[in-house]
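In what follows, a structure is listed as structure tokens, so that the remarks can point back to it.
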Amino acid sequence: MNIMDFNVKKLAADAGTFLSRAVQFTEEKLGQAEKTELDAHLENLLSKAECTKVWTEKIMKQTEVLLQPNPNARIEEFVYEKLDRKAPSRINNPELLGQYMIDAGTEFGPGTAYGNALIKCGETQKRIGTADRELIQTSALNFLTPLRNFIEGDYKTIAKERKLLQNKRLDLDAAKTRLKKAKAAETKSSQLNSARPEGDNIMVNFSYMLNFLHVKWLKIWAEEVTKSEQELRITQSEFDRQAEITRLLLEGISSTHAHHLRCLNDFVEAQMTYYAQCYQYMLDLQKQLGSFPSNYVSNNNQTSGTPVPYTLSNTIGPSAVASTGSLVITCPPNLSDLKDSSSTRKARVLYDYDAANSTELSLLADEVITVFSVVGMDSDWLMGERGNQKGKVPITYLELLN
């Protein structure tokens, strides 16, 4: 029974405090009550903390979008995180593209130029996918996690203490208002007691009785002066203590900025490593693909002339030059001499070449074939022979052997 009485009294006290704060807050909004202003330094700290929270949330969310563009995947990771479970491993886009390229190259044939190139590109894409996965893991650990810890930890503590400071301020202002009203009642009571009305008529006596009752009611407020002054001292002390606690927490924002700066440097370093790896992978891939011919100078400048490798000038060296439209075709002197005779010679294939039709012969880099000239054949072509296979071959893909 005593425990129940205690709970009821506590509930009533809490309800009274809540009502007092609500009244004070409403009167402040209506301009009917005074409000204790926080000092400028504390206001600046509060503003700095709120600004830090807002921009940290925006940076964190956009970084998550950058690292994981798929919103469904982000939601899934969030759910697994809240369930304190590890999200299942998922193949990323570069890895998926790389696997498709490898499968396609295998289907077309690793011995063909296109199939071989697809396989090499696929392997590079899968390496980029691995680097992308490492970037996400490193960034999540060294950058996103500290930002999230601030939002869900430090700032929540600051917000809690800030709300408590607001309640202490409302209690302080409510105590000031009660003290002000009590003093006003005491003053009015003394004025009424010193001014007894003259005369003995009934109306005068009745009026005096009403004033007497009013004074009795006002004296209740007068008796509250001492109590209100004591309450004001208590609320002022609690407000000052809470303001100091809040100020100490807010001053830690500068340390938070310094910590986030170190995390930002880690994020930049992770990105730098990732992009350096990707650049090196693509550079290696470009070197590997350098052995494959480029059929045209550009997609917008196609002619019916012979395909010209873009590395030809560096491979063949000084040569005669024949112009076909806007294409420049190089032809080694020894091959030009061969075209003027009917003899056969051995030639090494410089690049892979896929035959465009049944009259041409497909070539593999570094193989040796027999070549000879045929009367009436285009000047850019020779007849190639490999075993029982025979067909036209572009002279720019050949190096005549002695």
Side-chain angles (χ1 to χ4, degrees), residues 91-132 277-278 280-316 327 329-330 332 335 344-372 374 377-378 380-401:
I91 187 170
N92 56 32
N93 292 330
E95 290 174 332
L96 184 60
L97 174 60
Q99 189 60 52
Y100 285 165
M101 286 183 171
I102 292 175
D103 293 343
T106 303
E107 183 75 17
F108 296 148
T112 65
Y114 184 43
N116 194 8
L118 278 173
I119 292 175
K120 293 182 183 298
C121 289
E123 292 171 348
T124 300
Q125 289 295 332
K126 295 189 78 170
R127 285 195 289 270
I128 291 175
T130 301
D132 184 67
Q277 286 178 329
C278 292
Q280 187 60 48
Y281 292 154
M282 298 310 295
L283 194 63
D284 293 342
L285 176 62
Q286 186 184 45
K287 292 178 180 178
Q288 293 176 21
L289 296 182
S291 62
F292 298 110
S294 175
N295 288 341
Y296 301 98
V297 174
S298 71
N299 291 334
N300 297 325
N301 188 20
Q302 299 180 1
T303 71
S304 59
T306 304
V308 182
Y310 69 90
T311 58
L312 189 60
S313 59
N314 295 330
T315 305
I316 298 178
L327 279 175
I329 304 171
T330 57
L335 288 178
T344 61
R345 295 286 297 274
K346 294 292 185 179
R348 184 176 67 87
V349 178
L350 298 175
Y351 314 99
D352 290 347
Y353 177 71
D354 290 332
N357 52 55
S358 60
T359 65
E360 298 179 5
L361 180 65
S362 295
L363 304 175
L364 291 177
D366 294 327
E367 71 171 327
V368 176
I369 63 173
T370 301
V371 293
F372 54 92
V374 176
M377 182 177 291
D378 190 291
D380 299 324
W381 298 82
L382 287 173
M383 184 62 69
E385 190 176 56
R386 180 178 56 228
N388 296 329
Q389 297 178 327
K390 185 184 297 185
K392 293 192 304 180
V393 293
I395 61 176
T396 54
Y397 283 63
L398 305 174
E399 179 184 27
L400 195 62
L401 300 177

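These numbers come from the heavy atoms of this one structure, side chains and all, not from hydrogens, waters or symmetry mates.
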Closest heavy-atom pair and its distance - A131, Y281: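 For A131 versus Y281, the nearest heavy atoms are CB-CE1, 4.4 Å.
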Considering all heavy atoms, the nearest G111-L364 contact: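 In terms of heavy atoms, the two residues are closest at O-CD2, 3.1 Å.
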Measure the spacing between [atom1] of [X] and [atom2] of [Y] and express it to the nearest 0.5 Å.
X    : Y    : atom1 : atom2 : answer
I369 : K390 : CD1   : NZ    : 12.5 Å
L382 : L361 : CG    : CG    : 12.0 Å
L363 : D352 : CG    : CG    : 8.5 Å
M101 : L96  : CE    : CG    : 11.0 Å
D132 : C278 : CG    : SG    : 7.5 Å
Q125 : N92  : CD    : CG    : 10.0 Å

Could you check whether E360 pairs with K392 (Lys NZ or Arg NE/NH1/NH2 to Asp/Glu carboxylate O, under 4.0 Å)?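 Looking at E360 and K392, the cut-off is not met.
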With heavy-atom distances below 4.5 Å as the criterion, would you say the side chains of [X] and [Y] are in contact?
X    : Y    : value
V371 : E385 : no
V349 : L398 : yes
K120 : N116 : yes
I128 : M282 : yes

Does CG in D354 sit with more than 12 non-hydrogen atoms of other residues, nucleotides or ligands closer than 6.0 Å?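 Yes, enclosed.
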R345 side-chain N/O to L401 backbone N/O, donor-acceptor pair under 3.5 Å: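 Side chain of R345 to backbone of L401, a donor-acceptor pair under 3.5 Å: yes, one is there.
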Tell me if a side-chain donor or acceptor on R386 pairs with a main-chain N or O of S362 at a distance below 3.5 Å.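 A pair under 3.5 Å: yes.
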Please identify each residue that fulfils side chain to side chain contact (heavy atoms under 4.5 Å, CB included) with I119, with sequence neighbours left out.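 Listed in chain order: T106, P110, E123.
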Please work out whether the ring planes of Y114 and F108 are parallel, tilted or perpendicular, with thresholds of 30° and 60°.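 Ring orientation, 0 to 90° scale: parallel.
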Does a side chain donor of either Q288 or D284 reach within less than 3.5 Å of an acceptor in the other side chain?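 Q288 vs D284: no donor-acceptor pair found between side chains.
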